[in-house]
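Have a look at the structure below, then the notes.
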Amino acid sequence: MSAGQGKVQSLRGLVDLLPQQTPLWQHLEATAREHFRRAGVAEIRTPLLEHTELFARGIGEATDVVGKEMYTFVDRGDRSCTLRPEGTASVVRAAIEHGLLSQGAQRLWYGGPMFRYERPQAGRQRQFHQIGVEWLGVADAASDAEVIALAWDLLAALGVGGLALELNSLGSPEDRAAYREQLVAWLEAHRDQLDADSQARISTNPLRVLDSKNPDTQALLAGAPTLAEALCPESRERFAAVQEALSALAIPFVLNPRLVRGLDYYSHTAFEITSSQLGAQATVCGGGRYDGLVEQLCGAATPAIGWALGMERLVLLLEQRLAAGELQLPAAAPDLYVVSRGAAAERAGLALAVALRRLGLAVERDASGSAFGKQLKRAQRSGAAWVAMIGDDEVASGQLRLKRLGAAGDATAAVPDAESMVPLGDAGAVLTSLRLLNQD
RNA sequence: GCGGGCGUAGCCAAGCGGUUAAGGCAGCGGCUUGUGGCGCCGCCAUUCGGGGGUUCGAUUCCCCUCGCUCGCCCCA
């Protein structure tokens with residue numbers, strides 16, 4: 001639905017989250033926060049805008065993200081700035097900049113919007129949201145399993161279905177360099193049998209050829225040297241330890257020797273969590289170990305591991321559960337709905353609403369001035385259990401009318417509910433009455 | 001960046017060369033100056049995403065454009 005000329009719309013791929021949608025996001029965020037709290041992970045917030053160089057160096061010039069997907073511009077001070085396309089580089093930059101790394105291991109999480117100039121698609125927008133975790137200064141294999149468990153349990157708690165954890169090891173930097181040489185040699189020898197994309201990748205990013213979606217290429221790769229064979233004994237041992245730890249935590253996984261990360265600083269553990277209930281963009285969470293990144297950004301050599309999950313994709317899954325009735329969000333109904341008609345009554349109604357809010361009650365006030373029938377209808381729809389009615393009669397008598405509302409769709413509601421009269425202008429008395437009446 | 005599908009109200013949606021642009025939901029007003037869920041009545045698109053063209057006549061046909069959507073690429 002596009003607006004006519006003259007109306008300004010949001011930019012392509014940048015969407016508004018409307019009041020009907022935000023409760024689901026809040027649920028997701030609250031669940032994540034609770035899991036981070038339990039795991040002793042602290043929040044870090046970094047700017048949305050960084051020097052372009054941070055991403056060029058941190059993510060890699062050769063990647064699609066840096067090469068063609070960044071929102072980059074020159075600011076008024078002639079600096080090249082980029083809207084962050086992901087969170088890891090900023091977190092590492094902040095940790096280095098503020099000396100966090102010299103204060104022991106840092107277990108951090110972040111969340112918020114990221115920006116990539118891509119063609120919008122199911123589960124992919126130009127401004128999208130991630131929640132991610134970065135553990136800096138943590139080297140042991142058990143931590144790899146621990147950080148994966150954090151993602152796995154969060155997704156499980158959210159109840160998303162069809163989840164699968166895919167796991168691989170990229171080995172040490174030396175393992176990978178050696179393997180890369182073997183692979184390039186093999187690919188060159190079979191160049192004429194590869195698809196065009198894969199041919200181009202031989203020089204730019206040979207490991208990426210491994211997860212080509214071209215069926216012929218995949219068939220051919222069955223005869224290629226594998227990364228697993230290229231791992232040194234220490235790397236194999238480490239990978240085995242990660243797998244054992246995951247098994248001990250009852251987290252199922254499948255080994256995927258084709259799961260690679262193209263960036264140089266990745267090493268050892270790489271993983272992805274996918275959902276069968278999504279479309280083409282099935283990855284909900286992706287992560288891995290990046291022992292080389294801190295050093296690459298001029299910090300002291302620091303082992304690190306992290307992951308990020310795509311909130312839009314998660315919301316898509318949660319919406320399915322909501323539609324299926326498997327997930328219920330708490331309704332945001334007020335405790336009391338104030339209905340008033342007439343100038344004096346409106347003043348009394350406003351005073352009451354504000355006074356009760358100051359006492360901690362959730363109060364919605366009808367400001368329409370329309371007939372009581374209409375206002376009560378809205379009170380009903382608000383989900384409020386109680387309504388306070390103030391009209392000319394109540395102002396004259398100094399007593400407001402408190403009335404309990406039945407559940408929506410309750411057929412017995414035609415029977416008048418008991419009403420009670422409470423002194424007008426005495427919020428404390430109203431509060432007391434509600435407490436007493438609620439005990440019935 | 002490439003390819004497919006689709007744009008009629010806040011939402012769903014009929015119409016397929018000449019209509020007063022159906023209907024439903026939501027909203028608003030009324031029946032009931034003051035008592036909710038039901039009911040009834042009324043209001044809610046000078047116009048069919050935008051621009052141009054063909055035609056006596058275009059929401060309907062053609063072109064361009066914008067947007068949405070699904071996929072490729074890539075990723076979360």
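Throughout, a chain's letter reflects where its sequence line sits, starting with A, and its residues are numbered from 1. Atom set for the values below is all heavy atoms of this structure, side chains included, hydrogens, waters and symmetry mates excluded.
Side-chain atoms of A:Thr72 and A:Ser80, non-hydrogen and from C-beta on, do get closer than 4.5 Å to each other. The side-chain heavy atoms of A:Pro173 and A:Tyr265, taken from C-beta on, include no pair separated by under 4.5 Å.
In the interface, the side chain of A:Gln9 is not paired with the base of B:rG49 through any donor and acceptor atom under 3.5 Å apart. A donor-acceptor contact under 3.5 Å is formed by the side chain of A:Arg313 with the base of B:rC75. Interface remark: the A:Arg341 side chain does not form any donor-acceptor pair with the B:rU33 base, using a distance-only criterion of under 3.5 Å. Residue side chain A:Arg119 reaches the base of B:rG3 through a donor-acceptor N/O pair under 3.5 Å, judged by distance alone. If you check distances only, the side chain of A:Arg124 does reach the base of B:rC73 with a donor-acceptor pair under 3.5 Å. If you check distances only, the side chain of A:Gln20 never reaches the base of B:rC11 with a donor-acceptor pair under 3.5 Å.
A:Gly286 comes within 4.0 angstrom of the backbone, heavy atoms only, and of no base. Using a 4.0 Å heavy-atom distance criterion, A:Gly123 is classed as a base contact. Contact annotation for A:Glu86: no contact, since no heavy-atom pair falls under 4.0 Å across all strands. Here A:Gln375 lies out of heavy-atom contact (under 4.0 Å) with every strand. A:Gly111 comes within 4.0 angstrom of no nucleic acid atom, judged by non-hydrogen atoms across all strands.
Of the candidate nucleotides B:rG29, B:rA76, B:rG67, B:rA76 has the atom nearest to the side chain of A:Phe128. Taking only side-chain atoms of A:Arg381, from C-beta outward, the nucleotide of B:rU35, B:rG27, B:rU33 with the closest atom is B:rG27. Each of B:rU69, B:rU33, B:rG36 was ranked by its minimum atom distance to the side chain of A:Ala371; first place goes to B:rU33. Of the listed nucleotides (B:rG71, B:rC68, B:rG34), B:rG71 has the atom at the smallest distance from the side chain of A:Ala280. When each of B:rU69, B:rG1, B:rG34 is scored by its nearest atom to the side-chain atoms of A:Tyr117, the top-ranked nucleotide is B:rG1. Counting only heavy atoms from C-beta on, A:Arg378 has its side chain closest to B:rG29 among B:rG34, B:rG29, B:rG71. Comparing atom distances between the A:Met389 side chain and each of B:rG34, B:rG36, B:rG67 picks out B:rG34 as nearest.
A:Leu18 is linked by a side chain to side chain contact (heavy atoms under 4.5 Å, CB included) to A:Asp16, A:Gln20, A:Gln21, counting only residues two or more places apart in sequence or in another chain.
For the OP1/OP2 pair of B:rC28 and a distance below 4.0 Å, the side-chain nitrogens and oxygens of A:Ser368 include no atom meeting the criterion. In terms of phosphate contacts, A:Gln130 brings no side-chain nitrogen or oxygen within less than 4.0 Å of OP1 or OP2 of B:rA76. Proximity of A:Arg126 to the phosphate of B:rG67: no side-chain N or O atom is located under 4.0 Å from OP1 or OP2.
Here, B:rU55 and B:rC44 have their P atoms 37 Å apart, quoted to the whole Å. Across B:rG3 and B:rU60, the matching P atoms stand 25 Å from one another, rounded to whole Å. The same atom, C1', is picked in B:rG15 and in B:rG7; the two are 15 Å apart, to the nearest Å.
The partner of B:rG71, taking Watson-Crick or G-U wobble pairs whose two distances both stay under 3.5 Å, is B:rC2. Nucleotide B:rC38 forms a pair with no other nucleotide shown, judged by Watson-Crick or G-U wobble geometry with both contacts under 3.5 Å. As the counterpart of B:rG10, B:rC25 is assigned, both hydrogen-bonding distances of the Watson-Crick or G-U wobble pattern falling under 3.5 Å. Pair check for B:rC61 finds B:rG53; Watson-Crick or G-U wobble, both atom distances under 3.5 Å.
In this entry the distance linking CG of A:Leu278 with C1' of B:rA76 reads 11 Å, nearest Å.
Projected onto RNA chain B by closest heavy-atom contact, A:Leu14 and A:Gly310 fall at different nucleotides, the more 5' of which corresponds to A:Leu14. When each of A:Ile390 and A:Ala308 is assigned the nucleotide of RNA chain B with its nearest heavy atom, A:Ile390 is the one assigned upstream, toward the 5' end.
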Stepwise side-chain hydrogen bond (donor to acceptor under 3.5 Å, both in side chains) check, A:Arg378 with A:Ser368: CA-CA 10 Å; A:Arg378 280 190 283 265; A:Ser368 68; 2.7 Å; yes
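Annotation: the span from A:Leu108 atom CG to A:Arg45 atom CZ amounts to 13.5 Å, rounded to 0.5 Å. How far CD of A:Gln125 is from CD of A:Glu312: 5.0 Å, rounded to the nearest 0.5 Å.
Judged by distance alone, the side chain of A:Arg321 and the main-chain N or O of A:Leu158 form a donor-acceptor pair under 3.5 Å.
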